[in-house]
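The structure under discussion appears below in the form of structure tokens.
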Amino acid sequence: MGLGRELLAGPVLEVAPLLLGAVLVRTTGDGTVAVRLTEVEAYDGPNDPGSHAYRGQTARNAVMFGPAGHLYVYFTYGMHFCMNVSAGPEGQPSAVLLRAGEVIEGVELARTRRGMPSRDEARFNSAAVQSGVLPSPRRNGRVADPDRDLARGPARLCVALGVERDADGTDLLAPDSPIQLLPGPGYDGEPATGPRVGLREAADRPWRFWIPGDPTVSPYRPHVPKRRS
DNA sequence: ATTGAGATGGCCT
DNA sequence: GGCCATCTCAATT
């Protein structure tokens with residue numbers, strides 16, 4: 001069972017939906033944070049103009065060319081990290097971008113990393129809301145879940161898990177690895193699919209997969225060309 | 001809820 | 001030099 005190397009070495013369009021409901025566990029000196037994955041995207045190397053590996057191997061994308069089940073971390077927009085799980089057989093570059101998830105362990109540490117107020121402070125705020133000192137945050141008429149955004153979006157996911165450049169290449173299947181990919185609860189239903197977020201190239205391919213209705217799934221955003229003044 | 005601007009580093013042509 | 005697999009905040013419907 002589970003997410004073995006051989007399974008991950010399959011076609012990336014088959015691997016990507018298998019990661020929905022899987023769990024990524026990251027342990028550092030500060031503690032452990034675990035995330036249940038709810039949204040991913042497939043990137044199919046040489047067949048995919050949207051893939052970092054489309055134009056061949058470079059120092060940055062080298063992990064995608066290696067064996068499956070390793071973490072490909074890249075830096076983008078001058079300030080964000082994003083992470084992928086390498087897929088497909090060695091020598092055939094493909095990867096699954098991890099876009100969002102639900103923090104199921106280590107919420108307090110994740111909140112700290114994301115610059116959110118501590119739980120104690122949040123509790124104080126809740127008291128203030130109940131006493132009428134602060135307005136109640138609402139979304140569609142329901143009280144907002146303050147932890148929903150902790151790992152909602154690829155850069156937030158990296159922050160919540162403490163994943164930066166030095167995690168690039170980590171083997172997610174090694175028993176002693178500081179970042180583990182575990183089967184978790186999985187997802188039995190039919191995943192929702194749609195175009196990938198923010199891509200200029202190959203914007204029509206429906207290679208984004210998510211758990212329908214899950215509140216931690218990030219909103220879709222089409223590519224917007226930059227304009228100069 | 002949706003939109004737009006700004007911040008910012010590094011990769012690739 | 002151009003282009004990002006983004007996020008947050010503010011202004012507006």
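Bear in mind that the values here come from a model prediction, so they are computed numbers and not experimental data. So that the names make sense, note that chain A is the first sequence line, chain B the second, and so on, each numbered from 1.
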Review point. Going by an N to O cut-off under 4.0 Å, is there a salt bridge joining A:Asp149 and A:Arg152?
Key: yes
**Study point:** Nucleic acid contacts of residues 194-221 of chain A, taken as heavy-atom distances under 4.0 Å to DNA chain C
**Key:** A:Val197, A:Gly198, A:Leu199, A:Arg200
Point to revise | cation_pi(A:Arg208, A:Tyr220) dist<6.0 Å, angle<=45 | key: no
Practice item. Calculate, to the nearest 0.5 Å, the distance between atoms CG and CG belonging to A:Leu173 and A:Leu3 respectively. Key: 8.0 Å
Please write out the pairs of protein N or O atoms and N or O atoms of nucleotides 9-13 of chain C separated by less than 3.5 Å, giving the distance to one decimal.
none

Revision key, fill the gap. For A:Phe65 and A:Pro93, the nearest pair of non-hydrogen atoms, with its separation, is CE2-CG, 3.5 Å
Check your understanding: In whole angstroms, how far is the C1' atom of C:dC3 from the OH atom of A:Tyr74?
Key -> 13 Å
Exercise for review: Answer with yes or no whether the side chains of A:Ser218 and A:Arg99 bring together a donor and an acceptor at under 3.5 Å.
Suggested key: yes
**Study point:** Cluster link A:Val217 to A:Leu150, ILVMFWY, side chain under 4.5 Å
**Key:** no
Check your understanding: To the nearest Å, how far apart are A:Leu98 CG and C:dT6 P?
Key -> 13 Å
Exercise for review: With rounding to the nearest 0.5 Å, note down the distance linking CG in A:Leu13 to CZ in A:Phe209.
Suggested key: 5.5 Å
Check your understanding: If Ile, Leu, Val, Met, Phe, Trp and Tyr residues are connected whenever their side-chain heavy atoms lie under 4.5 Å apart, and connections chain through other members, are A:Leu24 and A:Leu97 in the same group?
Key -> no
Practice item. Test A:Leu98 against every option in A:Val163, A:Asn84, A:Leu181, A:Val85 by the side chain to side chain contact (heavy atoms under 4.5 Å, CB included) rule and name the one that passes. Key: A:Val85
Check your understanding: Think A:Arg152 has a side-chain N or O under 4.0 angstrom from the OP1 or OP2 of C:dC7?
Key -> no
Check your understanding: Looking at OG1 of A:Thr170 and CE of A:Met83, how far apart are the two atoms once the value is rounded to the nearest 0.5 Å?
Key -> 10.0 Å
Practice item. Kindly state which residues belonging to residues 40-61 of chain A come within less than 4.0 angstrom of DNA chain C, counting heavy atoms of the residue only, listed by number. Key: A:Tyr43, A:Gly50, A:His52
Point to revise | From A:Arg156 atom CZ to A:Leu161 atom CG, the distance as rounded to the nearest 0.5 Å | key: 14.0 Å
Check your understanding: Is the number of heavy atoms from other residues, nucleotides or ligands within 6.0 Å of CG (A:Asp188) greater than 12?
Key -> no
Exercise for review: Nearest-nucleotide wise, let me know which of A:Arg114 and A:Met64 is further upstream toward the 5' end of DNA chain C.
Suggested key: A:Met64
Exercise for review: Take atom NE2 of A:His223 and atom C1' of C:dG2, then tell me their distance rounded to the nearest Å.
Suggested key: 11 Å
Review point. Same cluster or not: are A:Leu157 and A:Tyr43 linked, directly or through other Ile, Leu, Val, Met, Phe, Trp or Tyr residues, by side-chain heavy atoms under 4.5 angstrom apart?
Key: no
Check your understanding: DNA chain B: stems of at least 3 consecutive Watson-Crick or G-U pairs, cut-off 3.5 Å?
Key -> B:1-7 with C:6-12, B:9-12 with C:1-4
Under 3.5 Å, which protein N or O atoms sit close to an N or O of nucleotides 7-9 of chain B? Give each pair with its distance.
from: B:dT8; atom 1: O2; to: A:Tyr77; atom 2: O; distance (Å): 2.5
from: B:dG9; atom 1: O4'; to: A:Gly78; atom 2: O; distance (Å): 3.3
from: B:dG9; atom 1: N2; to: A:Tyr77; atom 2: N; distance (Å): 3.4
from: B:dG9; atom 1: N3; to: A:Gly78; atom 2: N; distance (Å): 3.3

Point to revise | Pairs meeting criterion side-chain hydrogen bond (donor to acceptor under 3.5 Å, both in side chains) with involvement of residues 45-56 of chain A, two or more places apart | key: A:Asp44-A:Asn47, A:Asp48-A:Arg196, A:His52-A:Tyr72
Review point. Between A:Arg114 and A:Asp147, does at least one N-O distance fall below 4.0 Å, as a salt bridge requires?
Key: no
